[in-house]
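Everything on this sheet refers to the single structure shown next.
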There are 2 protein chains.
Amino acid sequence: MRISALAAEAGLPVATVKFYLRERLLHAGTATSATQAAYDESHVRRLRLVRALLGPVGLTVQQARTVLALVDEPGDDLYATLGRAVSALPPAAAPPGDASDPFPRARAALDTLGQVYDPDFPAVAQLEGALAAAESAGMPISAERLAHYGRVLSDVAEFDLARMPGEPHAAVEYTVLGTALYEPVMLALRRLAHQDAAVRRLRGDPPPVE
Amino acid sequence: MRISALAAEAGLPVATVKFYLRERLLHAGTATSATQAAYDESHVRRLRLVRALLGPVGLTVQQARTVLALVDEPGDDLYATLGRAVSALPPAAAPPGDASDPFPRARAALDTLGQVYDPDFPAVAQLEGALAAAESAGMPISAERLAHYGRVLSDVAEFDLARMPGEPHAAVEYTVLGTALYEPVMLALRRLAHQDAAVRRLRGDPPPVE
DNA sequence: ATGATTGGATAGTGCTACTCTCCAATATTA
DNA sequence: TAATATTGGAGAGTAGCACTATCCAATCAT
């Protein structure tokens, strides 16, 4: 398969495929001569993945390159790789503040939830940023709400983790893509659940008992 | 308070404040002469809100203007306003497909969950896009996972809705800002719950019983 | 053998969120 | 009062990003 066939298969301009090759989002084809290379099914799949990451998921080319590199080559330490890969996904994390207590809001939150607080987890910075944003916009998150969200999302995490493949390569792909692709699904479901609940209430259905 | 004091208070360059004025993200001050205007505490608060929307939440100027306009002036139909405001938030929705069944994946999903399917809910298009992205990237969402996420997020929706203020103005602000600002918190909590669960397992703690 | 296609490199485009520069009118300060 | 600084307002400029277009010599396809 030559580049024009590959581009047609993926529904992309040839120039864009060349761009992804240059940016190392797509592996090179096998050269058959000085000015020709052959592409196969793996390139088609990869292009679909790249489009998903750059489009709906909303990664930058830089972020996508990082994520794809980790999926391609998970290192020896699986959990470190998972952490690094997930932290390459948006949203951007908050920069650490005061050295003695860089993420005070996140620390307090995790204490409340009874979860491990480790400032080296990239998601801690992300939580700090999100809590700080809510606070600075004048809508701080109550402890009650935090506790509720935390309970619910631990539930989701257990579900996801129970389905993680054992093989490292597959585990990284599952975790990264699961995070990148399923998070938007969760958000859409939350919004729809809001609508659904609101409509039921408008119709006069009683709110569900606790 | 003059513009330079306002900018200093908010920690922004004067040029940026002027830019927000021009873009109608910030209401004008009260003119005290041809070349002077006075700003007050409401401008400081608004700037904080604008920064939160443009920064951590990741809205474009256009989207922020739409959201802020609806917060400022909720119309008569509260639920329509809520829908319009929330649909101005990212991520972008999928364009409708075939006219007879524009969002097949979302329809099937909502049927499974026993929720109302109304193609006019903007979040339906968003769900369709997210499901399509997962599918095209080679990680379609199983019915089991969908059911689980749906259950969990209905729980969140009930919690949120129970705390929505009754007064329209406040309700729009609560819903829009709650969606924009709390969603990142939820995502960070999910990632942390994953880490927490993974760490516990590494330590040899038994997985929780169902 | 002749026109199309290729990989590769360089430059250009369109968009966005600022940021800079100017200006005449007005404040502030010496 | 005179010199200096600041203001609101408008237009142009900038930097970053994801492409997209153009060139080129080498090589295919017919």
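Keep in mind the model is a prediction, meaning the values are calculated, not measured. Basis for what follows: all heavy atoms, side chains included, without hydrogens, waters or symmetry-related copies.
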Proximity to the side chain of B:F19 - top-ranked nucleotide from D:dT20, C:dG7, C:dT19: C:dT19

Integer-rounded Å distance: C:dG7 C1' and A:L6 CG: 13 Å

Contact under 4.0 Å: A:Y20 side-chain N or O vs D:dC19 OP1/OP2: yes

Atom-pair distance (CZ on A:R2; P on C:dT6), nearest Å: 5 Å

Sugar-phosphate, base or nothing in reach of B:A37, heavy atoms under 4.0 Å: sugar-phosphate

Touch class at under 4.0 angstrom, heavy-atom based, for B:R22 against every strand present: base

Phosphate-side-chain proximity, A:R51 and D:dC19, N/O vs OP1/OP2 below 4.0 Å: yes

Ring-face cation of A:R151 near A:Y149 (centre distance under 6.0 Å, axis angle within 45°): no

Closest non-hydrogen atom pair between B:A180 and B:L53, with its separation: CB-CD2, 4.4 Å

Earlier contact from the 5' end, DNA chain C, for B:L59 and B:K18: B:L59

Gap between atoms OH and C1', on B:Y39 and D:dG9 respectively (whole Å): 10 Å

Contact under 4.0 Å: B:T16 side-chain N or O vs C:dA17 OP1/OP2: no

Distance in angstrom units between A:E23 CD and C:dG8 C1', rounded: 14 Å

B:R24 CZ - C:dA17 C1' separation (whole Å): 16 Å

Sugar-phosphate only, base, or nothing, as touched by B:L54 at under 4.0 Å among non-hydrogen atoms: sugar-phosphate

Ion pair check, B:R46 and B:D72, cut-off under 4.0 Å: yes

Out of D:dG8, C:dT6, C:dT19, whichever nucleotide has its closest atom nearest the side chain of B:P13: C:dT19

Close residues, residues 25-35 of chain A, relative to DNA chain D [heavy-atom separation under 4.0 Å]: A:S33, A:A34, A:T35

Separation of C:dA17 P from B:L21 CG (nearest whole Å): 17 Å

A:L153 side chain reached by A:L113 side chain, heavy atoms, under 4.5 Å: no

Quiz item: cation-pi between A:R163 and A:F159, 6.0 Å / 45°: yes

For A:Y174 against A:M164, the heavy-atom pair lying closest together: CE2-CA, 3.5 Å

Pairwise 5' ranking along DNA chain C for B:Q36 and B:Q62, keeping only the more 5' one: B:Q62

Atom CG of A:D111 with >12 non-hydrogen neighbours under 6.0 angstrom: yes

